[in-house]
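Here is the naming used below: chain letters follow the sequence lines, and residue numbers restart at 1 for every chain.
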Amino acid sequence: MAQKEPVEEKLEKVRHSMSHVMAEAVLQMFPQAQIAIGPAIDNGFYYDFELPRALSSEDLEEISQRMKTIIHENKEFKRIVVSRDEARKMFAGQVYKLELIDAIPENEEVSLYNQGGFTDLCRGPHVASTKDLNAESFKLLNTAGAYWRGKETNPMLTRIYATAWTNPKDLRLYLQKLEEIEKRDHRKLGKELDLFSFHEEAGPGLVYWHPRGARIRLAIENFWRDQHYANGYEMVQTPHVGKSWLWETSGHLDFYKASMYSPMEMDKADYYAKPMNCPFHIMIYQNTKHSYRELPFRWAELGTVYRYEKAGSLHGLLRVRGFTQDDAHIFCTPDQMESEIREVLRFSLFMLHSFGFEDISAYLSTRPQESVGDTDRWDAATESLRKAIIEQGLSYSVDEGGGAFYGPKIDLKIKDAIGREWQLSTIQFDFNLPDRFGMTFVDSDGVEKRPYMIHRALLGSIERFFGVLLEHYAGAFPPWLAPEQVCVIPVSEVFNSYSGEVFTALKQAGLRVYMDDGADRMNAKIRNAQNMKVPYMLVLGDREAQGNVVSVRYRDGRQVNGIAVNEFIALVKDKVSKREAL
RNA sequence: GCCCUUGUAGCUCAGUUGGCAGAGCACCACCAUGGUAAGGUGGGGGUCAUCGGUUCAAAUCCGAUCGAGGGCUCCA
């Protein structure tokens, strides 16, 4: 007990040991249960079982109680090394354990851990005794179906998820975080703030944007468009459907068909809703011959695509069947490739920073086993990605072999206001499509050569990005994004006319403003505006009308009285143009 | 797709052992004319997701379908 072990290792041991305790508890209740695996995971652990029946929340309570009893028995975790045959004998009847034993490499020893009433096949390590576990610092969270080894063709097991910590305080903090996550859930906020909806009768996974949601979305899109024009892009617009020729040529019908909507037949031809924009942008490129003098092309489009996502994986705005990519394709010469990548990455970071994301990390994915394109191009492309990351001073990790079959890529992940990571931007080379479509440009030496093609999406998709932003801000959008920036609230009907003047002035100044001249009392109006998270509320009565000023109630509770109307307009406009918070 | 959970008014939810479908908010009307987070009274609104079954009787029990939620990588 001399030196302190690192917290992470301690936690891992605690969680893993807890999972054994849970398995023991479950076996007490269901002696005939098949036990599978039970690792430590982020924030806790799980264990997979094959059980005679489904578990109820009362069952979880009972398992939890039994675990506490086991922990209080102060049982030692004993490591035992056995031969394969002995192990097989001990786990006779436990089909999953037998499979695991067979999977252990010949040169590794087979170890077991025993804590009294329960022995599990396990590499370890564990805490020394259940004495080192705290019976008040874990909580069984939920059950879920999970395929044995994650494969759809394998049997479905029952997984029990739990969170576990070394002390009750950490548990409490984590449970509070879960509550915070629930409060920020974009599906909940989307409903409360009247931003968007889904309609099962009209098709799951398809988003309906309400006026308030559309306001925000358009603020995002307008900013996006302006910045693309300012950063050397051109906009293109392409159709939503394309004939099978296009998808045969692109290869999507070979490799991507399962994710595509079924074809529509027209004039004896099959048309497919587009799952990607790239083939369309290539058609524009192919419209004429191109010289090296014209390149690079940077063509951007907020292109709405449709993909068949499995019913069970749909999730609010984060996984939908119809979504709008903030897509662009860059076609350039080999000479230009490096500077283009550098520029794309810089631009990506600028965009993410603009939306309030400061903590960004990069993931570089390199060539996988199965891939197309020649090695020189892969190497050059991968190096240019790496150089760009280093130049930007980003922390990054490399996913060796994690690239798509058609090219290496950089993914950018951001951390949101409560520390969760989300993958947004992706920058990918494509060595496949230019070949398939036979794209060329005429170089300075008169020879036709293959251009480099780069796909990139900075926000990912507008829908998903919107969901992430909504959770990041917990619905309290900064003024530049807020659907309504200002709510004008007359103290009583008597002041409707002065309020109307102020409203008109703000409206003419280009602010997003509305006046609540309904029959509610002022208090109720403030409450409503507050619940809709409107950044600024102007409460107008006699005092304001007399002085031709406004009194400002900020969303965060601050209050500033007696500001001239023009001064207030300037203040909001300043916040908006700087994209600042309140 | 698969496992578990789930579906009652626009929203959030009650609904005991099967016995005439409820509340709050929202909406509409009337009263109240108000100074920083819900003023009062009254009213309208539901084929209890859909289809089928059991029963004298089904929101409630059973089955199917559809939707929603939690999951299905983290390698004993």
Separation of the C1' atoms in B/C27 and B/G52, to the nearest angstrom
36 Å
Using the P atom in both, what is the distance from B/U36 to B/C31, to the nearest Å?
26 Å
Please report the distance separating the P of B/C61 from the corresponding atom of B/G7, rounded so that it comes out in whole Å.
10 Å
Distances for protein N or O near nucleotides 69-72 of chain B N or O, under 3.5 Å:
from: B/G69; atom 1: OP1; to: A/Arg187; atom 2: NH1; distance (Å): 3.3
from: B/G69; atom 1: O3'; to: A/Arg187; atom 2: NH1; distance (Å): 3.2
from: B/G70; atom 1: OP1; to: A/Arg187; atom 2: NH1; distance (Å): 3.3
from: B/G70; atom 1: OP1; to: A/Arg187; atom 2: NH2; distance (Å): 3.0
from: B/G70; atom 1: OP2; to: A/Arg187; atom 2: NH1; distance (Å): 3.4
from: B/G70; atom 1: OP2; to: A/His315; atom 2: ND1; distance (Å): 3.3
from: B/G70; atom 1: O2'; to: A/Asn142; atom 2: ND2; distance (Å): 2.4
from: B/G70; atom 1: N2; to: A/Gly145; atom 2: N; distance (Å): 3.3
from: B/G71; atom 1: O3'; to: A/Tyr161; atom 2: OH; distance (Å): 3.1
from: B/G71; atom 1: O2'; to: A/Gly145; atom 2: O; distance (Å): 3.4
from: B/G71; atom 1: O6; to: A/Gly312; atom 2: O; distance (Å): 3.4
from: B/G71; atom 1: N3; to: A/Gly145; atom 2: O; distance (Å): 3.3
from: B/C72; atom 1: OP1; to: A/Tyr161; atom 2: OH; distance (Å): 3.1
from: B/C72; atom 1: O4'; to: A/Gly145; atom 2: O; distance (Å): 3.3
from: B/C72; atom 1: O2'; to: A/Tyr147; atom 2: N; distance (Å): 3.1

Return the set of residues passing side-chain hydrogen bond (donor to acceptor under 3.5 Å, both in side chains) with A/Glu501 (not counting sequence neighbours), or none when no residue passes.
none
I'd like to know if the side chain of A/Glu61 pairs up with that of A/Gln65 as donor and acceptor (distance under 3.5 Å, no hydrogens or angles considered).
yes
Integer-rounded Å distance: B/U73 P and A/Asn154 CG:
11 Å
What is the pairing partner of B/C56, taking Watson-Crick or G-U wobble pairs with both distances under 3.5 Å in any strand?
B/G19
Applying side-chain contact (heavy atoms from CB on, under 4.5 Å) to A/Val26 and not counting sequence neighbours gives A/Met22, A/Phe30, A/Phe49, A/Leu51, A/Ile63, A/Ile160
Go through the structure and list residues passing side-chain hydrogen bond (donor to acceptor under 3.5 Å, both in side chains) with A/His472, not counting sequence neighbours.
none
Going by purine N1 to pyrimidine N3 plus the second Watson-Crick contact, or the G-U wobble pair, all under 3.5 Å, which nucleotide sits opposite B/C27?
B/G43
Is there a side-chain polar atom (N or O) of A/Arg555 under 4.0 Å from OP1 or OP2 of B/A37?
no
Reckon A/Lys191 touches a base, only the sugar-phosphate, or nothing at all at heavy-atom distances under 4.0 Å?
sugar-phosphate
Looking for any heavy atom pair under 4.0 Å, which part of the strands does A/Glu108 touch: base, sugar-phosphate only, or nothing?
base
Please confirm whether A/Tyr261 and A/Tyr308 have ring centers closer than 6.0 angstrom.
no
Whole-Å distance, A/Arg521 CZ to B/U41 P, equals 14 Å
Using Watson-Crick geometry (N1-N3 plus N6-O4 or O6-N4) or G-U wobble (N1-O2, O6-N3), each under 3.5 Å, B/G1 is paired with B/C72
When we call it a touch if two heavy atoms are under 4.0 Å apart, what does A/Glu544 touch: a base, just sugar-phosphate, or nothing?
base
Taking B/G67 as the reference, what is the distance to B/A49 when you measure between their C1' atoms (whole Å, please)?
8 Å
What is the distance, to the nearest angstrom, from the CG atom on A/Asn561 to the C1' atom on B/U36?
9 Å
Taken to the nearest whole Å, CG/A/Leu157 to P/B/C75 is 16 Å
Is the closest basic N to carboxylate O distance between A/Glu192 and A/Lys533 below 4.0 Å?
no
Can you identify which nucleotide, out of B/U36, B/U33, B/G1, has its nearest atom closest to the A/Ile526 side chain?
B/U36
side-chain N/O A/Lys188 vs B/U12 OP1/OP2, d < 4.0 Å:
no
Nearest-Å distance once atom P is located in both B/G39 and B/A57:
49 Å
Residue pairs involving residues 513-526 of chain A (criterion salt bridge (Lys or Arg N to Asp or Glu O under 4.0 Å); sequence neighbours excluded)
none
Heavy atoms under 4.0 Å, any strand shown: does A/Ser551 hit a base, just sugar-phosphate, or nothing?
base
Euclidean distance for C1', B/A68 against B/U12 (whole angstrom):
16 Å
If we call it a pair only when both distances are under 3.5 Å in a Watson-Crick or G-U wobble match, what pairs with B/A49?
B/U65
Separation of the P atoms in B/U8 and B/C48, to the nearest angstrom:
12 Å
In whole angstrom, give me the gap between the P atoms of B/A26 and B/G18.
37 Å
Specify the separation, in whole Å, of atom CG of A/Asp542 and atom P of B/U36.
15 Å
Is it possible for you to check whether A/Arg15 lies under 6.0 Å from the centre of the six-membered ring of A/Phe45, through NZ or CZ, and within 45° of that ring's axis?
no
Determine the contact category for A/Ala40: base if any of its heavy atoms lies under 4.0 Å from a base atom, sugar-phosphate if only primed atoms, P, OP1 or OP2 are that close, otherwise nothing.
sugar-phosphate
Could you give the OH-to-C1' distance, from A/Tyr363 to B/U73, as a whole number of Å?
15 Å
Hey, which of these two, A/Leu55 or A/Val539, hits RNA chain B nearer its 5' end, going by closest nucleotide?
A/Leu55
Pick the closest RNA chain B nucleotide for A/Tyr308 and for A/Ala524 by heavy atoms, then say which residue is nearer the 5' end.
A/Tyr308
Could you check whether the side chain of A/Gln559 and the base of B/G35 have a donor-acceptor pair of N or O atoms closer than 3.5 Å, going by distance alone?
no
Rounded to whole angstroms, how far apart are CG on A/Asn523 and C1' on B/U33?
13 Å
Among B/G35, B/C74, B/U33, which nucleotide sits nearest the side chain of A/Tyr46?
B/C74
Which part of the nucleic acid, if any, lies within reach of A/Asp42 when heavy atoms closer than 4.0 Å are counted: base, sugar-phosphate only, or nothing?
nothing
For residues 409-418 of chain A, which side-chain donor-acceptor pairs fall under 3.5 Å, sequence neighbours excluded?
from: A/Lys409; atom 1: NZ; to: A/Asp411; atom 2: OD2; distance (Å): 3.2
from: A/Asp411; atom 1: OD1; to: A/Gln423; atom 2: NE2; distance (Å): 3.4
from: A/Asp411; atom 1: OD1; to: A/Thr426; atom 2: OG1; distance (Å): 2.9
from: A/Asp416; atom 1: OD1; to: A/Ile418; atom 2: N; distance (Å): 2.9
from: A/Asp416; atom 1: OD1; to: A/Gly419; atom 2: N; distance (Å): 3.0
from: A/Asp416; atom 1: OD1; to: A/Arg420; atom 2: N; distance (Å): 2.9
from: A/Asp416; atom 1: OD2; to: A/Arg420; atom 2: NE; distance (Å): 3.0
from: A/Asp416; atom 1: OD2; to: A/Arg420; atom 2: NH2; distance (Å): 3.0
from: A/Asp416; atom 1: OD2; to: A/Trp422; atom 2: NE1; distance (Å): 3.0

Minimum heavy-atom distance A/Pro52-A/Gln32, with the two atoms named:
CG-NE2, 3.6 Å
Whole-Å distance between B/G1 P and A/Arg321 CZ?
8 Å
